[in-house]
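These notes concern the structure reproduced below.
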Amino acid sequence: MKSNKIGIMGGTFDPIHIGHLIIAEESRVNFDLDKIIFVPTGEPPHKNLKNVTSAKHRYEMTLLSIMHNPYFYISDIEIKREGLTYTIDTIKYFKKRYPKSEIFFIIGADSLINIDKWKNSEELLRESKFIVAKRVGIEYSLLEERINEINDKYSKIVFSVTTPYIDISSTDIRKRVKNGENIKYYLPLDVEAYIKKNRLYR
């Protein structure tokens with residue numbers, strides 16, 4: 001019987017944009033994943049909550065952005081968790097919920113480079129496999145060196161996927177909205193409409 005493969009795509013998603021969606025879809029196609037579960041963060045330990053939009057809005061925008069892809073799902077597990085949210089706890093949750101599945105955590109290259117700074121990083125590397133999206137700005141040689149180092153230690157758990165370079169960030173979108181600049185096609189139209197309706201980022 002074919003093993004079920006699940007991709008976990010975590011992020012603040014403030015707001016989610018087409019760069020996130022392309023990375024998720026390219027990961028699904030390239031690694032034959034059965035589904036991708038988007039997990040908006042609750043209280044991320046690395047960000048100042050004063051500058052993060054409410055979890056309700058981030059969850060709704062993420063939901064709107066994935067509703068036309070039958071392979072994309074969303075989980076509110078981190079939003080419902082009290083206190084700071086850590087990836088290791090989220091991975092353990094999904095491994096327990098899907099005990100017969102392979103779990104792949106999808107992250108950016110910069111995150112993998114700095115994964116030693118994450119809570120219980122060694123346990124995290126033992127608990128999950130990773131798909132790392134290559135990004136411009138990170139030297140490929142440095143990334144490959146890090147991937148090889150981790151794979152040598154943990155028996156090939158990191159795989160890379162190359163995606164089109166799209167110079168879009170959530171930070172830039174927020175600035176554009178604040179300055180009254182165009183954001184059309186930076187994110188799904190439904191998300192753009194949601195931002196306008198709820199007057200976010202002004």
Side-chain angles (χ1 to χ4, degrees), residues 7-30 36-79 84-85 87 90 105-115 117-118 131-140 142-143 160-202:
I8 305 298
M9 181 90 177
T12 311
F13 302 139
D14 189 20
I16 192 167
H17 55 72
I18 62 168
H20 296 122
L21 300 171
I22 289 173
I23 288 173
E25 180 66 3
E26 286 296 312
S27 296
R28 184 189 72 79
V29 171
N30 279 274
I36 303 282
I37 302 175
F38 287 75
V39 185
T41 55
E43 293 187 28
H46 59 291
K47 294 195 176 183
N48 185 342
L49 276 181
K50 291 180 181 176
N51 299 321
V52 177
T53 303
S54 75
K56 172 187 175 296
H57 285 314
R58 292 185 290 108
Y59 180 90
E60 289 296 329
M61 288 189 286
T62 305
L63 184 61
L64 286 170
S65 75
I66 66 172
M67 63 182 180
H68 298 298
N69 188 322
Y71 298 100
F72 285 0
Y73 296 80
I74 188 170
S75 169
D76 60 2
I77 179 63
E78 289 202 359
I79 289 174
L84 297 178
T85 52
T87 300
T90 300
F105 192 62
I106 302 168
I107 60 176
D110 49 342
S111 295
L112 184 76
I113 296 290
N114 297 306
I115 202 164
K117 297 177 182 176
W118 294 28
I131 296 173
V132 56
K134 293 181 177 178
R135 287 181 179 171
V136 170
I138 297 290
E139 285 188 29
Y140 280 6
L142 179 63
L143 177 61
S160 62
V161 61
T162 301
T163 62
Y165 173 58
I166 299 175
D167 189 15
I168 295 177
S169 71
S170 299
T171 301
D172 183 48
I173 290 174
R174 294 196 300 272
K175 286 181 181 176
R176 282 176 167 271
V177 173
K178 187 174 183 178
N179 295 330
E181 298 173 1
N182 178 49
I183 59 168
K184 189 174 289 297
Y185 305 130
Y186 281 60
L187 27 64
L189 293 176
D190 291 323
V191 180
E192 180 188 354
Y194 185 93
I195 290 171
K196 288 180 179 176
K197 179 181 177 181
N198 291 280
R199 302 180 62 80
L200 302 181
Y201 311 127
R202 298 194 174 187

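Quick note: residue numbers are just sequence positions, from 1. All values derive from a computational prediction rather than experimental measurement.
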If I take atom [atom1] from residue [X] and atom [atom2] from residue [Y], how far apart are they, to the nearest 0.5 angstrom?
| X | Y | atom1 | atom2 | result |
| --- | --- | --- | --- | --- |
| Thr62 | Met67 | OG1 | CE | 12.5 Å |
| Ser54 | Ile79 | OG | CD1 | 9.0 Å |
| Ile107 | Ile113 | CD1 | CD1 | 9.5 Å |
| Phe105 | Ile37 | CZ | CD1 | 12.0 Å |
| Ile195 | Met61 | CD1 | CE | 5.5 Å |

Under the 3.5 angstrom rule, does the side chain of Arg58 hit a backbone N or O of Thr41 as a donor-acceptor pair?
-> yes
Taking Asn30 for the side chain and Val161 for the main chain, is one N or O donor matched with an acceptor at less than 3.5 Å?
-> no
pair [X]-[Y]: side-chain heavy atoms closer than 4.5 Å:
| X | Y | answer |
| --- | --- | --- |
| Ile173 | Ile168 | yes |
| Val39 | Ile74 | no |
| Ile16 | Leu187 | no |
| Tyr201 | Thr53 | yes |
| Ser111 | Trp118 | yes |
| Val177 | Lys196 | no |
| Met9 | Phe72 | no |
| Leu143 | Leu112 | yes |

Cation-pi, Tyr71 ring and Arg28 (6.0 angstrom, 45 degrees) = yes
Can you name the nearest heavy-atom pair linking [X] to [Y], along with the distance?
| X | Y | answer |
| --- | --- | --- |
| Thr12 | Val52 | CG2-CG1, 3.8 Å |
| Ser27 | Ile131 | OG-CG2, 3.6 Å |
| Ser170 | Pro15 | OG-O, 2.7 Å |
| Leu64 | Asp190 | CD1-O, 3.8 Å |
| His17 | Gly19 | ND1-N, 3.0 Å |
| Lys134 | Thr163 | O-OG1, 4.1 Å |

Can you list every pair that meets side-chain hydrogen bond (donor to acceptor under 3.5 Å, both in side chains) and has a residue in residues 179-189, with sequence neighbours left out?
-> Arg176-Tyr186
Hey, do the aromatic rings of His20 and Phe38 have their centres closer than 6.0 Å?
-> no
Charged N-O contact under 4.0 Å between Lys56 and Glu60 | no
Test side chain to side chain contact (heavy atoms under 4.5 Å, CB included) on Ile66 and Leu21 and set out the steps.
-> CA-CA 8 Å; Ile66 66 172; Leu21 300 171; 4.2 Å; yes
